[in-house]
Amino acid sequence: MRYIRPQSIEDAVGLLAEPDGTAAILAGGSDLLVRMKGGFIEPDLIIDIKAIHGLGEIRETAEGFSIGSAVPCAVLGENAALKKAWPGVVEAARLIGSKQVQGRCTIVGNLCNASPAADSVPAMVAAGAKAVVVGPSGRRTVPVEAVPAGPGKTSLAKGEIIEAILLDKRPPHAGDAYLRFIPRTEMDIAVVSAGVNLTLDEKGTVKTARVALGAAAPTVLLVEEAAEVLVGSKLDEAALERLAKVCSGACRPIDDKRGTVEFRRKVAGVLARRAATTAYKRAGGK
Amino acid sequence: MAGVAVSTTINGDNVEYLCQPDETLLDVLRDRLGLTGAKEGCGTGDCGACSVILDDRLVCSCLVLGAEAEGRNVETIEGMAHGDKLHPLQQKFLEHAALQCGICTPGFLMAAKDLLAKNPDPTEEEIRFGLAGNLCRCTGYDKIVRAVQDAVSEMKAA
Amino acid sequence: MNFDPRYSARSFNSVGTRPIRPDGVDKVTGRARYGADFNMAGQLVGRILRSPHAHARIRKIDTSKAQMLAGVKAVITAADLPDLTDGDAAMYDILDNCMARKKALYDGHAVAAVAAVDARTARQALKLIEVDYEVLPHVTDVDEAMKHSAPVLNDSIFTEGVEPRPAKPSNISKRSQFGHGDTEEGFRHADKIVERSFRTEQTHQGYIEPHACVASVSSDGTADLWVCTQGHFVYRQHCAQLLGMEASKLRVTSSEIGGGFGGKTHVWAEPVALALSRKAGRPVKLVMTRDEVFRASGPTSATSIDVRIGARKDGTITAAEATLRYSCGPFAGTWAEVGAMTAFACYRLENVKTIGHEVLVNRPKTAAYRAPSAPMAAFAVESVIDELAKEIGMDPVDFRIRNAAQEGTRSSYGPVYGPIGIGPTLEAVKNHPHMKAPLSRNQGRGMACGFWFNFGGQTCTDLNIGADGSVSLAVGTIDVGGSRASLSLIAAEELGIAYEQVKAVVADTSSLGYNDMTDGSRGTFSTSMATISAARNAIKTLRERAAQMWDISADDVAWEKGHAVAKGGKHGNLGKLSLKEIAAASGTTGGPIAGHSELVADGAGVSFATHICDIEVDPETGATRVLRYTVVQDAGKAVHPTYVEGQYQGGAAQGIGWALNEEYIYGKDGRLQNPGFLDYRIPVCSDLPMIDTQILEIPNPNHPYGVRGVGETSIVPPLAAIANALSNAAGVRMTHIPMSPPRVLAAIEAKQAG
């Protein structure tokens with residue numbers, strides 16, 4: 001086993017693309033080290049990406065925000081501009097793990113761990129976030145929902161690494177929110193979760209909507225039918241009822257140690273409804 | 001497996017060590033450096049007993065590689081008191097009996113220190129959420145929260 | 001030794017104050033040494049290979065490849081721990097649990113172990129051990145295990161306690177029964193009868209410190225064991241017996257202990273560490289991972305309980321029955337029996353009957369967990385009591401007061417009570433402001449009572465007075481939560497000196513006589529009794545030395561407030577001699593001054609508590625949040641009130657976790673699915689409110705200061721208190737613990753569906 005701290009993304013890609021042995025990317029380590037400790041993986045090479053220039057930064061660009069893949073979630077919460085523009089994404093990122101884990105974990109790690117219950121992923125999907133992927137054949141940008149391929153699996157090819165997450169500039173009259181259900185108040189993995197992102201017109205009618213559910217299927221669910229229910233409404237009781245119903249219906253959950261199928265279905269609807277209400281308020285709707 | 005040579009700062013002192021690539025900072029502290037104040041309660045970041053402060057961020061040292069400490073600044077429980085003079089949090093933990101068995105205490109003290117560094121006047125709720133990454137099975141947290149509240153009062157007055 | 005343990009009323013100087021504990025500074029500076037904080041020269045790393053199967057016959061274990069691996073110094077199996085138990089079935093079970101002999105009986109059962117130069121080599125060596133298993137059908141559910149069709153874990157077990165002896169073996173190792181009167185007759189006189197069945201899932205003590213030890217066996221046949229334990233003398237006895245050593249050749253030193261709650265009263269890996277050290281000829285450090293702690297140590301029973309209680313409209317209970325089925329893991333136990341004893345202990349009953357069934361299942365060996373077996377029984381009984389109060393239209397507190405046991409009541413498990421605290425705790429609750437605080441929508445208040453026996457046991461202390469007048473107190477009961485402070489207070493009180501003059505330490509097994517474990521809430525009760533006795537013996541010597549210094553008869557010397565004083569007119573002109581002055585002269589008056597005591601601390605006063613809690617339910621998710629919590633409990637006499645409060649608060653918090661979220665979850669394959677703190681969800685700081693306490697002091701007549709044990713009772717009422725609160729908040733009667741959100745939501749939806 002080797003530990004290497006490359007200085008450039010190209011070096012990291014080069015190391016990842018080495019034909020022999022298995023390589024693991026280390027950013028926050030909060031998933032990787034747990035898996036190593038449990039004996040589930042024993043990589044031949046650990047590539048610590050934190051020394052790579054720019055990966056530890058949040059940049060405000062003309063298009064919006066670029067969040068480097070080594071930025072700890074705690075830092076997202078400390079960035080006032082990001083928090084103001086994308087409160088739902090930031091609150092989701094801030095829910096991952098404990099305070100101790102917050103200082104280390106990253107949203108890219110959360111995404112690439114490919115757990116159906118990842119907190120930041122439904123919020124990013126609702127927000128329409130994109131991932132910048134760098135690999136041996138160059139750079140490409142993909143929607144975040146295209147990254148997880150199944151529990152523990154991603155669509156990234158050998159040698160590929162996510163460099164940053166891109167979030168658009170926040171349009172006027174828009175807001176997002178994320179909620180998850182956990183049995184305790186902290187330290188749990190989401191039993192089920194919902195992220196909602198809304199844009200309103202001047203009168204408070206929903207113009208566009210994205211609704212994503214976590215821990216409700218093998219990968220994050222972008223529920224288009226739920227968005228359709230909201231668009232054109234002012235989030236009246238009937239629209240919220242329909243939203244809850246559509247979200248519950250869209251779930252394809254499992255029974256496991258964290259919850260039952262029935263529970264996840266029901267609570268997915270409850271959370272979607274509550275998150276939509278918050279997002280609507282944040283968008284300036286009344 | 002090749003060892004990694006690391007040069008770092010621990011509790012203000014320059015420290016050099018050689019560790020394996022997969023060895024955690026917790027293992028380095030405990031087994032190589034004899035700093036056994038940080039405890040391993042779970043090894044998976046779920047209990048906070050191994051909490052240390054790494055460059056002003058509270059972390060579980062079981063989820064940090066020893067190799068990652070290169071050039072960084074590590075604070076552990078062993079560096080919290082100034083010689084004979086206990087930190088106000090340490091003193092208040094004693095006075096309030098905020099520990100029974102004491103195994104979680106070093107982690108709680110590091111977490112509380114980090115919390116107060118960022119939020120010198122937390123509400124009870126902020127204290128409770130600020131310490132939620134540290135498990136205590138003995139006290140029901142009541143006396144821990146009270147000790148932190150008392151330390152806040154004292155540190156504000158100072 | 002004619003020590004008189006009877007209570008006599010007195011005023012206190014030290015007892016009842018709240019000084020800083022003697023081991024405190026080391027614990028806030030990281031210096032205190034716990035199980036895993038100790039190392040020896042040349043030490044190896046020990047690791048245990050555990051069965052992945054819930055039930056499997058071990059056909060063959062091939063360790064040859066592991067032994068060949070460079071850096072491996074010893075590999076052992078059951079063959080290296082030969083059976084020396086000589087027909088002692090209980091010891092055989094301990095041996096079998098430490099290292100599976102013929103069958104692996106649960107997921108996590110130890111089957112082999114290695115000692116190697118480092119952790120990596122040890123881990124690799126485990127992978128090289130080949131175990132040939134014949135996988136057998138398994139059963140993990142307590143009710144399933146009782147069925148005739150269930151796979152039988154041990155075909156030499158025929159239910160004890162039934163006549164005639166069963167012809168076929170079964171998983172029911174014992175049936176026990178308690179009670180008096182005629183319950184059928186009693187039920188005929190009831191106006192209302194409530195009957196319900198309950199289930200509680202298995203929980204773990206959840207100590208933050210995993211089991212850890214360092215074992216060093218020398219070639220001369222002596223050995224040292226450094227270990228985190230609640231009872232180093234018992235560990236010595238068990239380890240010595242299993243390894244065929246003389247007890248005095250094995251010195252056990254207890255480290256600081258990072259929580260036990262009953263789970264560190266049993267040997268788990270220590271005999272294995274000693275066997276590895278013996279084989280390797282080097283010290284071996286063995287520390288369990290968290291996964292091993294959950295899979296292979298400690299849990300309490302899973303239960304299934306039926307309760308039936310009848311009452312007249314005037315609020316008098318006419319009859320009460322309970323049938324309790326408790327899982328024991330794969331070895332016979334007496335867990336249901338204890339549950340059956342405690343079930344109705346709070347009440348004055350004419351007709352009562354409880355039946356316990358001990359049930360073997362393919363789960364880890366059930367271990368003691370704080371008031372073992374009582375919380376589950378109290379959950380079932382106190383839930384039915386609450387419902388019955390509602391049925392007859394009585395306030396639940398008044399209903400309990402009306403039926404509460406009192407001095408002279410014959411308890412449901414046999415003995416007649418002396419002065420007890422159940423009535424006073426209920427009266428205190430009735431008058432507590434918490435009971436009158438307003439509640440909002442989706443909120444509810446519940447209350448419940450709890451009982452624990454408390455234990456006394458064999459105890460021994462040494463109190464040595466230095467020439468400088470400072471006192472070192474050596475005790476043999478492990479300090480799990482501040483008892484060194486309490487015992488120093490006791491010594492200071494009895495000697496009449498300042499607390500700061502006394503330092504209490506826990507002595508190792510070669511430095512002090514035998515002591516029972518810190519269990520049964522006995523630590524401060526029994527050891528304070530022995531400390532008072534030792535101090536009185538020391539005072540006798542102090543008086544004799546003063547007499548010698550004054551050249552008068554010792555009979556003319558009294559001990560008052562830390563000083564020898566000459567009694568009577570004839571010595572009126574003599575001043576006082578302080579303990580310090582007498583100690584300073586000890587070198588010339590007969591040598592060191594000490595007091596010793598060896599006793600069996602009988603008469604541990606039984607303990608009662610009543611809890612109140614307010615909760616809020618989210619009716620759309622089933623999430624329950626505890627808003628306010630109050631514990632009222634009798635301490636007899638609170639020696640160090642802060643640590644007494646700590647016991648009340650800690651037990652309540654564990655009970656809250658048990659009530660709401662903690663449970664062992666097994667898959668169909670019989671494997672534990674949640675062996676970690678991520679999914680075995682103990683309460684975190686933000687889950688709980690402050691936990692208010694009220695200490696009542698109803699002196700225990702069998703202790704000089706009136707002390708009772710306080711450690712365990714506080715975990716007994718919370719399960720029912722929360723269930724009762726939930727029923728008031730959401731109108732649903734929860735009969736399955738934990739009351740996790742999916743279960744609560746399902747109950748709410750079932751109610752809404754009508």
Side-chain angles (χ1 to χ4, degrees), chain B residues 1 20 22 27 30-31 34-47 49 76-78 80-81 86-87 89-91 93-109 124-125 127-146, chain C residues 18 20-21 23-34 36-37 39 119-120 205-210 256-261 287 289-291 480-482 485 629 640 642-643 645-654 656 676-678 682-693:
Chain B
M1 197 156 48
Q20 296 299 318
D22 62 347
D27 287 339
R30 290 180 54 83
D31 299 339
L35 295 170
T36 56
K39 309 298 179 192
E40 179 165 320
C42 66
T44 50
D46 298 311
C47 80
T76 73
I77 186 66
E78 286 88 351
M80 193 164 179
L86 295 180
H87 187 282
L89 279 163
Q90 291 173 308
Q91 185 61 33
F93 267 57
L94 287 181
E95 289 171 13
H96 286 265
L99 52 136
Q100 284 177 29
C101 82
I103 192 92
C104 69
T105 308
F108 265 99
L109 286 166
E124 182 189 332
E125 196 184 4
I127 294 172
R128 287 190 178 275
F129 278 91
L131 301 179
N134 295 74
L135 298 180
C136 169
R137 192 59 159 171
C138 293
T139 65
Y141 305 103
D142 181 297
K143 292 185 190 302
I144 293 175
V145 173
R146 287 178 202 277
Chain C
R18 301 167 183 250
I20 287 173
R21 61 200 282 172
D23 50 316
V25 171
D26 280 356
K27 287 186 173 156
V28 297
T29 53
R31 290 183 204 175
R33 290 202 298 176
Y34 293 82
D37 298 340
N39 296 296
R120 162 181 302 273
Q205 296 82 345
Y207 30 84
I208 309 300
E209 182 199 31
E256 293 294 343
I257 177 172
F261 316 108
V287 181
T289 62
R290 177 53 54 185
D291 170 277
V480 295
Y629 204 97
H640 190 307
T642 311
Y643 287 108
E645 291 163 6
Q647 290 298 317
Y648 292 6
Q649 292 164 336
Q654 285 184 318
I656 291 168
F677 280 134
L678 182 60
I682 77 171
V684 301
C685 195
S686 48
D687 289 342
L688 297 176
M690 292 296 186
I691 296 169
D692 295 330
T693 57

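Proteins get letters first, then strands, A, B, ... in listed order; numbering begins at 1 in each.
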**Study point:** Residue pair C:R21, C:K27: steps toward the side-chain contact (heavy atoms from CB on, under 4.5 Å) verdict
**Key:** CA-CA 10 Å; C:R21 61 200 282 172; C:K27 287 186 173 156; 3.4 Å; yes

Review point. Is the side chain of B:Y141 donor-acceptor paired with the backbone N or O of B:C136 at a distance under 3.5 Å, no angle test?
Key: yes

Study note, to complete from the structure: The interface call for C:I257 against chain B, heavy-atom contacts under 4.5 Å, is backbone

Review point. Considering only heavy atoms, which portion of C:F261 lies under 4.5 Å from any heavy atom of chain B: side chain, backbone, both, or neither?
Key: side chain

**Study point:** Minimal non-hydrogen separation, C:T693 against C:E645, with atom names
**Key:** OG1-CG, 3.4 Å

Practice item. Please state whether the side chain, the backbone, both or neither of B:Q91 comes within less than 4.5 Å of a heavy atom of chain C. Key: side chain

Point to revise | Salt-bridge present (C:D37, B:R30; N to O < 4.0 Å) | key: yes

Check your understanding: Between B:T139, B:V145, B:I144, which has the largest tally of heavy atom pairs under 4.5 Å with chain C?
Key -> B:T139

**Study point:** Heavy-atom pair count under 4.5 Å with chain B, highest-scoring of C:Y207, C:Y648, C:Y643
**Key:** C:Y643

Exercise for review: Go through C:N39, C:V684, C:D687, C:D23 and name the one with the most non-hydrogen pairs under 4.5 angstrom from chain B.
Suggested key: C:V684

Review point. Would one find more than 12 heavy atoms of other residues, nucleotides or ligands at under 6.0 Å from atom CZ of C:R18?
Key: yes

Study note, to complete from the structure: Of B:K143, B:E78, B:R128, the largest count of non-hydrogen pairs under 4.5 angstrom with chain C goes to B:R128

Check your understanding: Where is the tightest heavy-atom contact between C:H640 and C:A485, given as atom of each residue plus distance?
Key -> CD2-CB, 4.0 Å

Review point. What's the shortest heavy-atom distance between C:G258 and B:I103, and which atoms?
Key: CA-CB, 3.7 Å

Review point. What's the spacing between C:E256 CD and C:R31 CZ if we round to 0.5 Å?
Key: 13.5 Å

Review point. Is it the backbone or the side chain of B:T44 that comes under 4.5 Å from a heavy atom of chain C, or both, or neither?
Key: neither

Review point. Contact part of C:Q647 toward chain B, heavy-atom cut-off under 4.5 Å: side chain, backbone, both or neither?
Key: both

Exercise for review: Find out whether B:Q100 and C:V480 are in side-chain contact, i.e. whether some heavy atom of one side chain is under 4.5 Å from a heavy atom of the other.
Suggested key: no

Review point. Are B:D22 and C:R120 ion-paired here, with the side-chain N under 4.0 Å from a carboxylate O?
Key: yes

Practice item. Count the heavy-atom pairs under 4.5 Å between each of B:L89, B:D27, B:D31, B:I77 and chain C, then report the option with the highest count. Key: B:I77

**Study point:** Residue, of C:S686, C:G646, C:G30, C:A653, that accumulates the most heavy atom pairs under 4.5 Å with chain B
**Key:** C:S686

Exercise for review: Report the option among B:R137, B:M80, B:E40 that has the most heavy-atom pairs separated by less than 4.5 Å from atoms of chain C.
Suggested key: B:R137

Practice item. Return the option, out of C:C685, C:G650, C:A32, with the maximum number of heavy-atom pairs under 4.5 Å with chain B. Key: C:C685

Point to revise | Heavy-atom contact with chain C under 4.5 Å, split by part of B:A132 | key: both

Revision key, fill the gap. The interface call for C:T642 against chain B, heavy-atom contacts under 4.5 Å, is both

Review point. For the candidates C:I682, C:D692, C:I691, which exhibits the highest count of non-hydrogen atom pairs separated by less than 4.5 Å from chain B?
Key: C:I682

Point to revise | Residue part contacting chain C, namely of B:L99, when any heavy atom lies under 4.5 Å | key: both

**Study point:** Residue, of B:L86, B:T105, B:L94, that accumulates the most heavy atom pairs under 4.5 Å with chain C
**Key:** B:L94

**Study point:** Side chain / backbone / both / neither for B:H87 at chain C, heavy atoms under 4.5 Å
**Key:** neither

Exercise for review: Select one option (side chain, backbone, both, neither) describing which atoms of B:L109 are under 4.5 Å from chain C's heavy atoms.
Suggested key: side chain

Exercise for review: Start with the C-alpha gap between C:D26 and C:R33, add the side-chain angles, then the distance that decides, and say whether salt bridge (charged side-chain N to carboxylate O under 4.0 Å, His left out) holds.
Suggested key: CA-CA 9 Å; C:D26 280 356; C:R33 290 202 298 176; over 6 Å; no

Point to revise | Residue pair B:N134 / B:F108: nearest heavy atoms and the distance that separates them | key: O-CZ, 3.1 Å

Practice item. Quick one: which of C:G482, C:P683, C:G260 has the most heavy-atom pairs under 4.5 Å with chain B, could you say? Key: C:P683

